[in-house]
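Everything quoted here is computed from the prediction, not taken from an experiment.
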Amino acid sequence: MTHNDDHIEKEDTLTNRQGHPITNNQNLRTVGNRGPATLENYDFLEKMSHFDRERTPERVVHARGAGAHGYFETYGTVGNEPVSKYTRAKVFQDKGKQTPVFVRFSTVIHGNHSPETLRDPRGFAVKFYTEDGNWDLVGNNIKIFFIRDAMKFPDMIHAFKPDPITNIQDVERFFDFCASSPESFHMVTFIYSPWGIPANYRMMQGSGVNTYKWVNSDGEAVLIKYHWEPKQGIKNLTQQEAEEIQAKNFNHATQDLYDAIANGDYPEWELNVQIMSDGEHPELDFDPLDDTKLWPEDQFPWHPVGKMVLNKNPEDFFAEVEQVSFGTGVLVDGLDFSDDKMLQGRTFSYSDTQRHRVGANYLQLPINAPKKRVATNQNGGQMLYKRDLAPGQNPHINYEPSMLGGLHEAKQNAKEYTPFIEGNLVHESIDRQSNTKQAGETYRNFEDWEKDELLENLIGDLSSCDEKIQKAMIALAEEADDNYGRRLKEGLQNTNKKHSSTQRPLANNDGDKAPEDAIEKGHDAEPY
C-alpha cells in the first residue's frame with residue numbers, strides 16, 4: 001500500500017486541538033461544491049467556535065496595552081546603606097542578582113485598539129518572578145491619582161468613559177466629576193499639561209502611586225513609595241503634536257517599544273524608593289497615605305535600589321500581553337500593605353477582575369505562573385489543567401491540616417510585623433486634605449510652554465462646560481496659585497472658541513467638528 005506524502009503528518013503539519021491532522025483547511029464539507037454545508041463539519045466547528053471566543057472580556061480600565069520581558073537587577077543597597085536594614089525581601093538582597101520580569105504598559109480609559117496618543121494616564125505594571133513567588137508592582141506614569149478613596153473609583157471611571165447613551169467621551173462629564181471632587185485638581189493639572197500625553201512608553205516615568213511598606217527581619221516597617229526613572233530620558237507631547245502623530249499611526253507607542261527591543265536598543269529604568277518612618281506624620285500638611293499627594297523630594301529623597309532592562313518581545317501578544325494578570329495584593333515576604341485606602345480597595349479589585357476576565361485558574365497560565373514550585377489545595381474552576389500537587393503528596397488530601405500526607409504550613413523564621421491598630425469604624429475622609437497646595441507647586445514648577453499648553457487645553461474644554469463647573473474649576477485654580485487662577489478665569493472670559501458640543505476626547509478642541517468635516521471633505525461616489 002502506498003501513501004501520498006502530502007498526507008503524512010510531519011512536525012509542521014496543521015492539526016486541530018484534538019491532535020487530528022487537517023487535510024483541507026480551505027473548504028467546508030458540503031453537498032456538492034456549491035453547498036449546502038453539513039452539520040458534522042467538526043474541523044470547521046472547532047475552528048470557528050474557537051474564533052468566536054478569541055477575545056477575553058476587555059479590561060474595564062487599561063484595555064490598550066503593550067508589553068515585554070526583561071530582568072530586574074538589584075543594587076543590594078538603599079543609598080549608602082544595605083537594603084536589609086529596611087526590607088528582608090529576597091528580590092532586593094545580594095548586589096547584582098537578577099530577577100525575571102514582565103512589564104505591561106497601557107492607556108487607561110479607552111478600548112483595546114484606541115489611539116495611543118489620547119490624553120490619559122498610562123499604566124506601568126511590573127511582574128517580578130522572584131525566588132519567593134510573584135511580586136506585582138502595579139502603578140501609573142503620573143505619581144499621583146485623581147482620588148484618595150477606592151469607594152469613588154467606579155464613579156470616576158464612569159465619568160471619564162464614554163457617555164452611556166452616545167458612547168462618546170464627554171469633557172463635561174469629566175469636569176463635572178473633577179469639579180465635584182476637589183482632591184482631583186492636582187491630577188487634572190498634570191493630565192491637561194504635556195505630561196498627560198507621554199511620547200511613548202519607553203520615555204516615561206513610572207510610579208507605584210500607592211504607599212506600601214517594607215519590613216525587615218526584626219519585624220520593623222517603614223513606609224515606601226516606588227519610582228521608575230527611564231534611562232532613555234522623558235519626552236511628552238503637546239495636543240497638536242499628538243494629533244499629528246495619531247493621523248499617521250494610532251499604534252505608535254506599541255510599535256516604538258517593539259522596534260526598540262527588536263533592534264537591540266533595550267530600554268532601562270532605575271527603580272528608586274522614598275522612605276518615611278511608619279506613622280501618621282502630623283508635622284506634614286498632608287497624609288502620607290493620600291494618593292493625590294507627592295512626597296516632597298527635599299524631605300524624602302529618592303534612593304536608587306536597582307535597575308530594570310527589557311530585552312525580549314512577547315512571542316504571542318494575546319498569550320502574554322493580553323492574558324497577563326496583575327494585582328496590587330501580590331506581595332512577597334518583606335513587602336507589605338499600608339493603610340492607603342486606594343491600595344486596600346485595589347487589592348480586592350485587581351485580582352477579582354482577573355478571575356472574571358481570564359478565569360479562576362488564571363495563575364496557571366505560563367505568563368502568570370511563578371517560576372518556582374507551587375503546591376495548593378485549590379481545586380476545580382474553569383480551565384483547570386493540573387492540580388498543584390507537591391512531590392509525594394497524597395492526592396486524596398486536598399485540605400489542611402491533615403495527618404495523611406497532605407500539605408503543611410511554612411515555618412516563619414523572621415519576626416512577624418504586627419502593627420497596632422485602634423480606632424472607631426467610620427465612613428470619613430482623612431483629616432489633612434490640602435487639595436490644591438501641591439497643584440500650585442506643580443504649576444509653578446512647569447516651564448512656561450507647559451503652563452501655556454495646560455491653560456490652552458483647560459480653557460478649550462471648560463469653555464463648553466456648564467457655568468457651574470467653570471466657576472468651581474476657577475476657584476480650585478485660584479486656590480492653587482494666583483497666576484494659575486487668573487489666567488484660567490481670564491481665558492474663559494475672553495475665549496471666542498465656544499463649542500456647541502462637549503462630546504469629544506479630552507482637549508481635542510475641534511473633535512466635535514469631525515463629523516461635519518467628514519461630510520464636507522468626503523468625495524461623492526456613484527453606487528456600484
Side-chain angles (χ1 to χ4, degrees), residues 1-59 62-69 102 104-107 110-116 167 246-263 312-325 354 356-369 381-386 518 522-523 525-528:
M1 185 177 178
T2 61
H3 295 275
N4 184 329
D5 284 347
D6 289 342
H7 291 174
I8 295 175
E9 185 171 354
K10 301 175 183 177
E11 285 298 314
D12 61 353
T13 298
L14 178 67
T15 75
N16 64 20
R17 278 283 171 84
Q18 303 289 8
H20 306 160
I22 302 292
T23 57
N24 191 324
N25 194 43
Q26 316 306 316
N27 304 291
L28 287 166
R29 193 180 191 191
T30 57
V31 180
N33 61 21
R34 296 183 65 241
T38 58
L39 183 62
E40 77 277 6
N41 264 282
Y42 181 83
D43 290 341
F44 166 75
L45 292 175
E46 185 190 84
K47 181 181 182 181
M48 187 56 69
S49 61
H50 184 276
F51 174 78
D52 293 344
R53 294 163 174 80
E54 279 186 359
R55 298 293 179 265
T56 60
E58 189 175 274
R59 288 170 168 89
H62 299 278
R64 176 79 199 241
H69 297 269
F102 186 82
R104 187 176 187 271
F105 305 106
S106 56
T107 57
H110 295 281
N112 197 22
H113 286 288
S114 53
E116 293 181 303
N167 199 35
Q246 182 175 321
K248 298 174 182 176
N249 186 344
F250 66 94
N251 311 287
H252 81 284
T254 293
Q255 183 177 338
D256 173 83
L257 178 66
Y258 188 94
D259 288 350
I261 294 172
N263 295 331
K312 181 178 180 292
N313 279 315
E315 294 179 12
D316 183 88
F317 182 88
F318 183 85
E320 296 162 70
V321 181
E322 189 62 21
Q323 290 197 131
V324 68
S325 304
Q354 307 303 353
H356 160 70
R357 208 178 64 84
V358 186
N361 293 296
Y362 72 96
L363 290 171
Q364 289 192 343
L365 294 172
I367 192 65
N368 295 320
Q382 189 177 27
M383 300 299 285
L384 178 80
Y385 65 91
K386 64 177 181 179
H523 299 273
E526 294 297 323
Y528 61 90

- Item | Residues, nucleotides or ligands: over 12 heavy atoms within 6.0 Å of D12 CG | yes
- Query: Is the closest side-chain heavy-atom distance between E116 and N251 below 4.5 Å?
  - Reply: yes
- Of all heavy-atom pairs between N249 and Q255, which one has the smallest distance, and what is that distance? ND2-OE1, 2.8 Å
- Query: Does any N or O in the side chain of N361 come within less than 3.5 Å of the main-chain N or O of Q364, such that one atom is a donor and the other an acceptor?
  - Reply: no
- Using a 4.5 Å cut-off on heavy atoms from C-beta on, say whether the side chain of R357 contacts that of R59. yes
- Message: Among residues at least two apart in sequence or on other chains, which ones pass side chain to side chain donor-acceptor pair (under 3.5 Å) with Q323?
- Response: none
- Note on the structure: Residues passing the side chain to side chain donor-acceptor pair (under 3.5 Å) test with H356, sequence neighbours excluded, are none
- Message: Are the side chains of T15 and E9 in contact, using a 4.5 Å heavy-atom criterion?
- Response: yes
- Taking all non-hydrogen atoms of both residues into account, name the closest pair between E322 and A63 and its distance. OE1-O, 4.4 Å
- Item | Q18 CD: over 12 foreign heavy atoms closer than 6.0 Å | yes
- Query: With sequence neighbours left out, what residues match L363 under side-chain contact (heavy atoms from CB on, under 4.5 Å)?
  - Reply: N368
- Note on the structure: Sorted by chain and residue number, the side chain to side chain donor-acceptor pair (under 3.5 Å) partners of R104 (sequence neighbours excluded) come out as none
- Message: Taking ring pair (Phe, Tyr, Trp, His ring centres under 6.0 Å) as the definition, give me every residue that meets it alongside H252, ordered by chain and number, with sequence neighbours left out.
- Response: none
- Task: Scan residues 40-57 for pairs that pass salt bridge (Lys or Arg N to Asp or Glu O under 4.0 Å), counting only residues two or more places apart or in two chains.
- Result: R29-E40
- Message: Is it the case that atom OH in Y385 sees more than 12 heavy atoms from other parts of the structure closer than 6.0 Å?
- Response: yes
- Message: Give me the atom names and distance for the closest heavy-atom approach of G111 to S114.
- Response: O-OG, 2.7 Å
- With sequence neighbours excluded, residues passing ring pair (Phe, Tyr, Trp, His ring centres under 6.0 Å) with F102: H69
- Note on the structure: K248 meets the side-chain contact (heavy atoms from CB on, under 4.5 Å) criterion, sequence neighbours left out, with none
- Message: Please check if the number of heavy atoms outside F317 that lie under 6.0 Å from its CZ is greater than 12.
- Response: yes
- Partners passing side chain to side chain donor-acceptor pair (under 3.5 Å) against T107 (at least two apart in sequence or in another chain): none
- Query: Are any of the side-chain heavy atoms of T254 and F105 separated by less than 4.5 Å?
  - Reply: no
- Approximate separation, where rounding is to 0.5 Å, of Y42 OH and H20 NE2: 7.0 Å
- Minimum heavy-atom distance between F318 and T56, given as atom pair plus value: CZ-CG2, 3.7 Å
- Message: Once side-chain contact (heavy atoms from CB on, under 4.5 Å) is applied, do any residues pair with L28, and if so which ones, sequence neighbours excluded?
- Response: T30, A37, N41, F44
- Task: Please identify each residue that fulfils side-chain contact (heavy atoms from CB on, under 4.5 Å) with A247, with sequence neighbours left out.
- Result: none
- If you take all heavy atoms of A262 and N313, which pair is closest and at what distance? N-ND2, 3.5 Å
- Work out which heavy atom in P314 is nearest to a heavy atom in V321; give both atom names and the distance. CG-CG2, 3.7 Å
- Message: I'd like to know if the side chain of E320 and the backbone of G67 have a donor-acceptor N/O pair within less than 3.5 Å.
- Response: no
